[in-house]
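Notes follow once the structure below has been shown.
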Amino acid sequence: MTREAERARARDEAAATAASGAVTAEAAVPAVRVRGLWKRFGQQTAVAGIDLDLPAGRFVGLVGPNGAGKTTTLSMITGLLRPDEGTVEVAGHDVWRDPAEVKARIGVLPEGLRLFERLSGRELLAYIGRLRGLPGEVTDQRATQLLDVLGLAGSQHKLVVDYSTGMRKKIGLASALLHNPEVLFLDEPFEGVDPVSAQTIREVLEGYTASGATVVFSSHVMELVESLCDWVAVMAAGSIRADGAVREVRGDADSLQAAFLELVGAQGRSTGGSLDWLGGAR
Ligand SMILES: Nc1ncnc2c1ncn2[C@@H]1O[C@H](COP(=O)(O)OP(=O)(O)OP(=O)(O)O)[C@@H](O)[C@H]1O
């Protein structure tokens, strides 16, 4: 059975089970299950014993102020950074005991992505396809479609070293999507991307989650998270302050941004007049 057919069947089963009232769709195997996750760098606690369940088939936003621990958390969830303590499961597989199973099911666009600079965009995708064990013709066909949809067809023979920031993000996204992963993790996917490309990426990701896949992405842009995500986890100082459906986390607040400021304790923070020299008489 193809991955798409498996997803469709899983979605239908979850819907049927939910309809029968036995368990809710959320009770199915979560896309990500984190328990007691800790990471310290010397005296600095980056992630302070978090528990988190992210349901499958959702568009999930991980938000938090600078230094909240988002990148550290995503790195531990995707097997790029070993936790000090705790467990992570992706689609029911333990990331550290069963890394091959997990890596076959996930796509990752990490922060500060390192690419093979001396390959062209097209060659990079061909290489990733081989690493992922895809048949050559499947890689070719998917690469052509991804390059086209992401507006990189005209630059496919250019070396990656000559790509702009946004183009690098897009070829990184194409690399992460090539093997049609079950769960896609993106660290700040829209940073440095122009509005037209951002809209394209958005449409690609919306179509992908509509097929039953899960996207987990970190962002500082609350309007984006509110408009794109149906599930959100708010981090601050290494802890999860709230998580759940966006409307639940927003609660009675006017916007997710307002709820976020309340949750991270930044409501009403001002410069306290300490920058009164700025823009004043010279
Ligand atoms: N390799 C490292 N060595 C030392 N400290 C680190 C390291 N990586 C992260 N930290 C610290 O851990 C904390 C969490 O960092 P992290 O990058 O996970 O935050 P973030 O939420 O992704 O921030 P931002 O939104 O600014 O990218 C910060 O205080 C950071 O300085």
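Along the sequence shown, residues are numbered consecutively beginning with 1. Any value given below was found using the heavy atoms of this structure, including those in side chains, with hydrogens, waters and symmetry copies removed. Indexing begins at 1, ligand by ligand and atom by atom, following the structure's order.
Screening residues 126-166 for ring pair (Phe, Tyr, Trp, His ring centres under 6.0 Å) gives Phe116-Tyr127 as the qualifying pairs, with residues at least two apart or on separate chains.
Between the side chain of Lys70 and the main chain of Ser218, no donor-acceptor pair closer than 3.5 Å is present.
In the model, Arg33 has no side-chain atom that pairs as donor or acceptor with a side-chain atom of Thr87 under 3.5 Å. Judged purely by distance below 3.5 Å, without hydrogens or angles, the side chains of Thr139 and Arg132 never pair a donor atom with an acceptor atom.
Scored by the side chain to side chain donor-acceptor pair (under 3.5 Å) test, Asp53 finds Arg35 as partners (sequence neighbours excluded). Considering only residues two or more places apart in sequence or on other chains, Glu188 meets the salt bridge (charged side-chain N to carboxylate O under 4.0 Å, His left out) condition with none of them.
Among protein residues, Phe41, Gln44, Ala46, Pro65, Asn66, Gly67, Ala68, Gly69, Lys70, Thr71, Thr72, Glu111, His220 come within 4.0 Å of ligand 1, judged on heavy atoms.
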